[in-house]
*Asks:* 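For reference, the structure I am asking about is given below.
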Protein chains: 2
Amino acid sequence: MKVGELARATGLTVRTLHHWEERGLVVPSARTHSGHRVYDDGDVRRVYQVVALRELGLPLDAIGSLLTTGSFATVLAAHLEQVDARLAALHTLRGTLAGVVDRLRGAPDPAPSDVLRMIDEVSRVNDTFAQYFTPEQIAALQARRDEAEAAAAQWPDLIAAVRAEMAAGTDPGDPRVQSLASRWAELLATFHRGDEALRERLYRMRSDNPGEVVAAGGPDQAMIDYIAAAADAGR
Amino acid sequence: MKVGELARATGLTVRTLHHWEERGLVVPSARTHSGHRVYDDGDVRRVYQVVALRELGLPLDAIGSLLTTGSFATVLAAHLEQVDARLAALHTLRGTLAGVVDRLRGAPDPAPSDVLRMIDEVSRVNDTFAQYFTPEQIAALQARRDEAEAAAAQWPDLIAAVRAEMAAGTDPGDPRVQSLASRWAELLATFHRGDEALRERLYRMRSDNPGEVVAAGGPDQAMIDYIAAAADAGR
DNA sequence: GCTTGATCCTCACGCGACGTGAGGCGGCAC
DNA sequence: GTGCCGCCTCACGTCGCGTGAGGATCAAGC
């Protein structure tokens, strides 16, 4: 087999096969008199092994030593840990980025300095979030994020409406406030979905970091009390 | 401010600041007569902006164009999509890798060709899995994988026990079979946790690929029917 | 004024896994 | 002979810096 054939057969490029030879991974066992590479059956099998290991995300030199030492278990386990670490990092990055993109929807064409402040803020919120929720809980929330985002988008309106009633001095027992309180409870429920642990962590996070929550457009303590009074009045 | 001071203040290295200047990201607005860089307030703010955007994982040239054009919303949204793609890819990689590592525990010091076959196999199973579950669902499962692995370890025993009762011709209404059926339901519940969509996908995957499930040590259709009959009898 | 240690400057190579030419030879059909 | 395709070997570019090498400058003590 010559390089071109092998390349077509494996879906690799000729350059890649050249490169693997340079790195000593797959050295064709023969050459024609004019210097053309000739791969035999063993070489081809070797190429497929390198392909498989490369798909696991291993660096080429690790693949080389693996194919000579054969210590797959330890090397792959170590690699798995590293992948997990990258996954975790990428995951929190995605959280921060999603937060920033979300806020940008509300503020078109902000100044660079505003964006800077926004990023810092979101990172902090994200870190705070990570303190109160386990990675499993965050992953579970992430899993239904479309739904969660749709719900989250309704908070600003609701909060504004509640603020208006508070400013107007409306009694918590008033039907309008009652309806707001039940919308409030529904939105909360789309977040915790009946998971008590989740609900409690959210509550603790809010009461431990009132300043950040307000800065992020969340409700303040007075508003929470007002809604709680409305819920009590409704019973 | 000179480079060294700025580097200490920001936690960057002097080389990084030099590099950013080469790329045109942050060019100090002045130099001393002897050529030393002098950063003024604006330059320092600019450095912090680059730092913030870099933490979002943006490439340097994207940061440069962002800081001149100011089109944050579109660029960051595009970047988010790309991060999502990388996350998804890394995620299926982690699944495959975990599968291989898991199998390697059972087979110490396998030949490279065996590992190759193993990788292909696990990738196929992983792909099958990916066809039936959304990335979000896989993420949610992944999040509680320790728990899930512990539960999965109980399946072989349970399946063997059920097979024994079937072979003995025990009636599905028998208390022993009833108890097996309830253990079965519990194990299933640790998987889907009341999520109907998850349960249904699992069911579809099993009925679409009966051969692979049996080959992987899963239950066959007769066993499913038997357990279903037991569950019916228990009502 | 001289030495000394810290800080500054400008090249320039290295990393990882190839992509992408450039320039030239070999092989096969017409 | 002549075209065309495939093969060969350099060798530079990618991305974000790390890491010297070799030399100038600065602030301070003697």
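Chain naming here is simple, since letters A, B, ... match the order of the sequence lines and numbering starts at 1 in each.
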*Asks:* Applying a 4.0 Å non-hydrogen cut-off, can you work out what A/R8 is touching in the nucleic acid: base, sugar-phosphate, or nothing?
*Replies:* nothing

*Asks:* Rounded to the nearest Å, what distance is computed from the CG atom of residue B/L6 to the P atom of nucleotide C/dT7?
*Replies:*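 B/L6 atom CG is separated from C/dT7 atom P by 15 Å.
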
*Asks:* I'd like to check the salt bridge (charged side-chain N to carboxylate O under 4.0 Å, His left out) partners of A/D114; sequence neighbours left out, ordered by chain and number.
*Replies:* A/R117

*Asks:* With the sugar-phosphate defined as primed atoms, P, OP1 and OP2, and the base as all remaining atoms, what B/S/- string results for nucleotides 12-27 of chain D, 5' to 3', for protein heavy atoms under 4.0 Å?
*Replies:* ----BBBB-----SS-

*Asks:* Please report, rounded to the nearest Å, how far the P atom of C/dC25 is from the CZ atom of A/R31.
*Replies:*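 After rounding, the gap between these two atoms is 17 Å.
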
*Asks:* Rounded to the nearest Å, what distance is computed from the CD atom of residue B/E21 to the P atom of nucleotide C/dC8?
*Replies:*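 Those two atoms, CD and P, are 13 Å apart.
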
*Asks:* In whole angstroms, how far is the C1' atom of D/dC10 from the NE2 atom of A/H18?
*Replies:*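 After rounding, the reported distance stands at 12 Å.
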
*Asks:* Over how many whole Å does the gap from A/M1 atom CE to D/dG6 atom C1' extend?
*Replies:*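 After rounding, the reported distance stands at 15 Å.
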
*Asks:* What are the two closest heavy atoms between B/G4 and B/V14, and how far apart are they?
*Replies:* CA-CG2, 4.3 Å

*Asks:* Can you see if the side chain of B/R37 gets near the phosphate of C/dC8 - specifically, an N or O under 4.0 Å from OP1 or OP2?
*Replies:* no

*Asks:* Taking CZ in B/R199 as the centre, count heavy atoms belonging to other residues, nucleotides or ligands within less than 6.0 Å. Is the count above 12?
*Replies:*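 Check fails, neighbour count at 12 or below.
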
*Asks:* What are the two closest non-hydrogen atoms of A/M1 and A/A9, and how far apart are they?
*Replies:*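 The pair with the smallest heavy-atom distance is CE-CB, 4.1 Å.
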
*Asks:* Can you measure A/L17 atom CG to D/dC8 atom C1' for me and round it to whole angstrom units?
*Replies:*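 Taking atom C1' of D/dC8 as the reference, CG of A/L17 is at 14 Å.
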
*Asks:* Can you tell me which residue pairs pass the salt bridge (Lys or Arg N to Asp or Glu O under 4.0 Å) test with a partner in residues 32-60 of chain A, sequence neighbours excluded?
*Replies:*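 For residues 32-60 of chain A, and leaving out neighbouring residues, the salt bridge (Lys or Arg N to Asp or Glu O under 4.0 Å) pairs sorted by first residue read A/E21-A/R37.
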
*Asks:* Shortest non-hydrogen contact from B/Y39 to B/K2?
*Replies:* CD1-C, 4.4 Å

